[in-house]
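What follows is a single structure, written as structure tokens, with notes after it.
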Amino acid sequence: MFVLLWSSAFIVGAIGVDAAPPLLLTFFRFALAGLLLGAFALVVRAPWPRGRRLGHVVVAGLLFQALQFGALYTALGMGLPAAVVALVQGLNPVLIALLAGRFLGERVSVRQWLGFGLGTIGVLLAVAGPTDFPIAGLVLAVVGLLGLSVGTVYQKRYVHDVDLRTGTAVQFLVSAPVIGVGSLLFETPHVSAWGPFVGTLTWMVLINSIGVFMLLNLMLRQSSASRVGTLFFLTPAATAVLAWLLLDQSLRPATLGGIVLGGIGVLLANRR
């Protein structure tokens with residue numbers, strides 16, 4: 001479920017940045033998701049983080065949300081294909097494993113490294129091919145990858161026991177003004193197509209923001225960061241399949257091979 005829902009963000013993101021500037025779209029995503037989740041948390045009287053723990057939630061949110069998605073959606077807005085963005089994020093498990101070993105004390109076995117290797121090959125196969133894309137967009141995709149990987153490890157170390165509802169709401173609410181200022185400074189805020197804008201924004205808020213990140217935080221509570229990270233090996237292939245089904249993009253044999261190798265890599269990396 002996580003892989004499919006996470007991968008859908010690349011599809012709706014590619015549609016959304018054609019309807020509005022990427023930072024403006026990201027601002028509304030964070031603001032609406034934060035308000036909805038925050039209001040729900042108030043109704044059910046969920047505990048809010050305070051003091052130093054609140055500070056850690058803010059840092060995790062700026063990495064997890066503002067840095068990652070601000071960079072990724074700007075890369076999409078520059079014309080970087082969704083499959084290439086997914087390819088860069090697909091390398092997240094290796095980076096998480098390196099960071100988790102250093103900062104979380106998680107040991108990675110030889111079998112897991114073999115799984116990482118197969119998963120990386122699967123990622124490359126899934127979206128490999130002749131592509132003409134902007135270098136600046138690729139750099140931003142890498143910046144987004146760093147936000148995701150560092151944010152995952154930081155979340156696991158410092159805020160894994162914070163209430164999922166309030167912690168996620170705070171992350172969205174602190175990220176929204178940062179992205180909003182970026183939109184005012186670097187974009188001309190406008191909406192060129194209200195139908196796609198509202199449709200993609202609705203999906204982003206309810207599914208890609210509230211649903212996916214609560215699911216991700218829940219998985220980080222129940223498993224190691226390295227194991228959770230291996231799921232990202234499957235996102236490039238899943239994105240390619242969704243693009244084939246929903247955007248009528250071609251699905252090559254190499255992509256199918258990448259799906260198989262990525263799946264084997266995940267199984268090896270998660271086997272106890």
Please give me the minimum heavy-atom distance between [X] and [Y], naming the atom from each residue.
X: Ser7; Y: Thr239; value: CB-OG1, 3.5 Å
X: Leu25; Y: Val17; value: CD2-N, 4.0 Å
X: Leu242; Y: Leu4; value: CD1-O, 4.0 Å
X: Pro189; Y: Leu184; value: CG-CD2, 4.2 Å
X: Pro196; Y: Ile15; value: CB-CG2, 4.2 Å
X: Thr166; Y: Pro47; value: OG1-O, 2.7 Å

Listed by chain and number, what are the side chain to side chain donor-acceptor pair (under 3.5 Å) partners of [X], not counting sequence neighbours?
X: Gln155; result: Gln171, Asn217
X: Ser209; result: Arg29
X: Ser149; result: Asn92

Review point. Which residues, ordered by chain and number, are linked to Met78 in its hydrophobic cluster, where ILVMFWY side chains connect at heavy-atom gaps below 4.5 Å, directly or through other members?
Key: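 In the cluster with Met78 are Leu140.
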
Exercise for review: Starting from Phe186, walk the hydrophobic network (Ile, Leu, Val, Met, Phe, Trp, Tyr; side-chain heavy atoms closer than 4.5 Å) and list everyone else you reach, by chain and number.
Suggested key: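 For the cluster that includes Phe186, the remaining residues are Val181, Leu185.
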
Point to revise | Main-chain N/O of Leu148 paired with Thr152 side-chain donor or acceptor, under 3.5 Å | key: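 Confirmed, Thr152 side chain pairs with Leu148 backbone.
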
Review point. Tell me, which pairs form a salt bridge (Lys or Arg N to Asp or Glu O under 4.0 Å) where one or both residues lie in residues 176-187, sequence neighbours left out?
Key: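 The answer is none; no pair qualifies.
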
Exercise for review: Among residues two or more places apart or on two chains, list those pairs meeting salt bridge (Lys or Arg N to Asp or Glu O under 4.0 Å) that have a residue in residues 41-65.
Suggested key: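 Every pair satisfying salt bridge (Lys or Arg N to Asp or Glu O under 4.0 Å) with a residue in residues 41-65: Arg53-Asp161.
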
Review point. What residues, two or more places apart in sequence or in another chain, satisfy ring pair (Phe, Tyr, Trp, His ring centres under 6.0 Å) together with Phe40?
Key: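 Applying ring pair (Phe, Tyr, Trp, His ring centres under 6.0 Å) to Phe40 gives none.
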
Point to revise | ring pair (Phe, Tyr, Trp, His ring centres under 6.0 Å) partners for Phe69, two or more places apart | key: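 Result, ring pair (Phe, Tyr, Trp, His ring centres under 6.0 Å) vs Phe69: Tyr73, Phe213.
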
Is the shortest heavy-atom distance from the side chain of [X] to the side chain of [Y] under 4.5 Å?
X: Leu36; Y: Ile210; result: yes
X: Val178; Y: Val174; result: no
X: Val44; Y: Arg165; result: yes
X: Phe2; Y: Leu216; result: yes
X: Leu76; Y: Pro22; result: no

Side chain to side chain contact (heavy atoms under 4.5 Å, CB included) involving [X] - partner list, sequence neighbours excluded:
X: Ala31; value: Phe27, Ala176
X: Ile207; value: Leu5, Trp203
X: Phe28; value: Leu24, Phe197, Leu201

To the closest 0.5 Å, what do you measure between [atom1] ([X]) and [atom2] ([Y])?
X: Leu245; Y: Ile11; atom1: CG; atom2: CD1; result: 9.5 Å
X: Leu62; Y: Gln68; atom1: CG; atom2: CD; result: 13.0 Å
X: Ile179; Y: Phe172; atom1: CD1; atom2: CZ; result: 12.5 Å

In terms of hydrophobic clustering (I, L, V, M, F, W, Y; side-chain heavy atoms under 4.5 Å; direct or indirect links), are [X] and [Y] co-clustered?
X: Met204; Y: Leu35; answer: no
X: Val43; Y: Leu37; answer: no
X: Leu173; Y: Val59; answer: no
X: Leu42; Y: Val57; answer: yes

